[in-house]
2 protein chains.
Amino acid sequence: MNPAVPTKRTPTGRAEPGDTRTRLVMATATLLQRQGYEGTSIKQILKEAAATYGSLYHHFPQGKEELAAEALRFGAAEFTELLRQGLSSSDDPAEGVANCAHLMADSLRDSDWTDGCPVAATALEIIGRSPLIQRTSDEALREWRGLIADTLHRGGHSEVHAAALACTVLSALEGAELLSRVSSDDAPLRLAAEHLAVLTRAGL
Amino acid sequence: MNPAVPTKRTPTGRAEPGDTRTRLVMATATLLQRQGYEGTSIKQILKEAAATYGSLYHHFPQGKEELAAEALRFGAAEFTELLRQGLSSSDDPAEGVANCAHLMADSLRDSDWTDGCPVAATALEIIGRSPLIQRTSDEALREWRGLIADTLHRGGHSEVHAAALACTVLSALEGAELLSRVSSDDAPLRLAAEHLAVLTRAGL
DNA sequence: CCTCCGCTAGATCGATCGATCTAGCGGAGC
DNA sequence: GCTCCGCTAGATCGATCGATCTAGCGGAGG
């Protein structure tokens with residue numbers, strides 16, 4: 001792993017450090033989020049990351065699939081931060097959940113409806129065809145459920161109830177993002193924010 | 001359009017009539033649902049539908065994209081039927097909504113987690129890259145929202161409130177399907193059923 | 001029976017896919 | 001200054017992509 005180096009801007013809009021491996025992972029994360037696994041070619045990744053085949057297969061001997069799994073973990077960590085930020089924005093877990101939806105809506109709108117959940121597009125098309133990527137996606141979704149459940153639990157919900165509610169909260173967030181992106185309209189996410197707050201309060 | 005002809009079973013599990021155009025559309029609908037647009041090759045479609053290039057480009061001069069749009073409409077109509085069945089299963093709209101989730105869970109479980117929403121996988125990966133397919137997906141989602149909204153409205157919700165709630169209901173269904181498919185577990189959809197019923201009753 | 005035409009059959013095209021390979025750069029350690 | 005090796009550069013591979021093309025089947029109309 002190389003030391004920190006200056007960063008530059010790329011067409012993906014993501015800041016990318018000089019470290020080649022990191023550039024590859026970040027560029028792949030963005031592209032997977034936007035166009036899924038099959039829709040993203042290695043050549044496009046290399047161009048976006050300003051890297052070459054040699055670098056890619058040096059850092060990821062298993063090729064595209066291995067790189068994609070690493071990129072999903074990277075994107076998932078970013079999304080975890082967004083959730084953490086939303087959930088911690090209020091002492092009221094209902095408001096925290098709603099703010100997650102609003103943060104997602106803001107992020108999507110500001111990025112022309114591209115920057116949402118980093119695993120959804122890839123996960124849906126790969127189910128049953130790449131155990132590695134499916135498992136990686138599953139782990140990300142479970143981490144997010146756990147994060148939401150912890151917040152609900154601390155907010156007064158029973159542990160079992162918090163876990164169940166967290167699952168539906170994440171479902172609604174993921175689904176609302178799909179609707180928002182397809183229609184280029186943040187209304188589904190804003191409505192999800194409102195309704196999830198109601199649901200969270202109703203459960204107490 | 002040809003007259004009705006005998007059907008046969010294919011590896012997709014879908015009954016397919018002798019009409020070549022219909023076989024193409026049905027096979028494509030199934031494949032898009034399972035592996036998305038980029039993950040589905042024309043060759044695979046032709047094999048699955050027992051058709052050839054000549055037939056495909058005769059019926060769909062614009063090629064893969066035109067066929068995919070038609071297939072999405074076909075799959076969407078099937079899913080509309082599932083929703084209609086769930087929504088009409090009870091006089092209580094809360095139960096109707098919950099039954100939609102249960103029907104989806106049953107369908108997914110029975111098909112090894114493949115037969116869910118016919119547009120989600122394709123829509124997510126194609127956003128911003130195929131106006132035709134994105135618009136077709138959007139129309140399907142809007143139709144489903146309208147169907148749910150009508151039921152809620154008839155169940156006593158105000159028109160505005162019914163539309164808003166219907167949006168979140170569909171979001172939760174779509175998201176819960178994602179979670180269920182990725183984890184090969186129907187729990188997210190069963191939980192969504194329960195929570196959506198609570199939310200629907202809370203809104204009255 | 002012959003013609004016509006909607007439809008199907010499948011070879012073939014150039015482009016691009018993911019992957020592999022050899023060659024060579026360039027900083028660290030001696 | 002020299003060697004060594006982690007890393008990068010990019011040509012090239014066979015396979016497969018979506019698309020186009022000509023050829024020909026076979027039922028309907030005369």
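First the proteins, then the strands, lettered A, B, ... as listed; each starts at 1.
- The backbone N or O of A/Ile42 lies less than 3.5 Å from no partner atom in the side chain of A/Lys47, so there is not a single donor-acceptor pair.
- Remark: A/His59 is not in phosphate contact with D/dG6, judged by side-chain N or O atoms under 4.0 Å from OP1 or OP2.
- Computed from coordinates, the A/Phe60 CZ to D/dT8 P distance equals 11 Å when rounded to whole Å.
- Among all heavy-atom pairs drawn from B/Gly96 and B/Ser89, the shortest one is CA-OG, 4.2 Å.
- At whole-Å resolution of the value, NE2 in A/His58 and P in D/dA9 are 12 Å apart.
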Checklist outcome for this item: Output field dot_bracket for DNA chain D (Watson-Crick or G-U, both distances under 3.5 Å, | for other-strand pairs) contains ||||||||||||||||||||||||||||||
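- Taking atom CD1 of B/Ile45 as the reference point, atom P of D/dT16 lies 17 Å away to the nearest angstrom.
- A straight line from NZ of B/Lys47 to P of D/dC17 spans 11 Å, rounded to a whole angstrom.
- Put simply, CZ on B/Phe74 and CG on B/Leu32 are 12.0 Å apart, with the number rounded to the nearest 0.5 Å.
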Checklist outcome for this item: Given protein heavy atoms under 4.0 Å, the one-letter contact record of nucleotides 18-24 of chain C, with B base, S sugar-phosphate only and - none, is simply BBB----
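- Pairing each heavy atom of B/Trp144 with each of B/Pro118, the nearest pair is CH2-CD, 4.0 Å.
- No side-chain donor-acceptor contact under 3.5 Å links B/Glu174 to the backbone of B/Ala120.
- The two residues B/Ala162 and B/His153 make their nearest non-hydrogen contact at CB-N, 3.7 Å.
- Using bins of under 30°, 30° to 60° and over 60° for the plane-to-plane angle, the ring pair B/His157/B/His161 lands in the tilted bin.
- Of all heavy-atom pairs spanning A/Ala123 and B/Leu178, the tightest one is CB-CD1, 4.5 Å.
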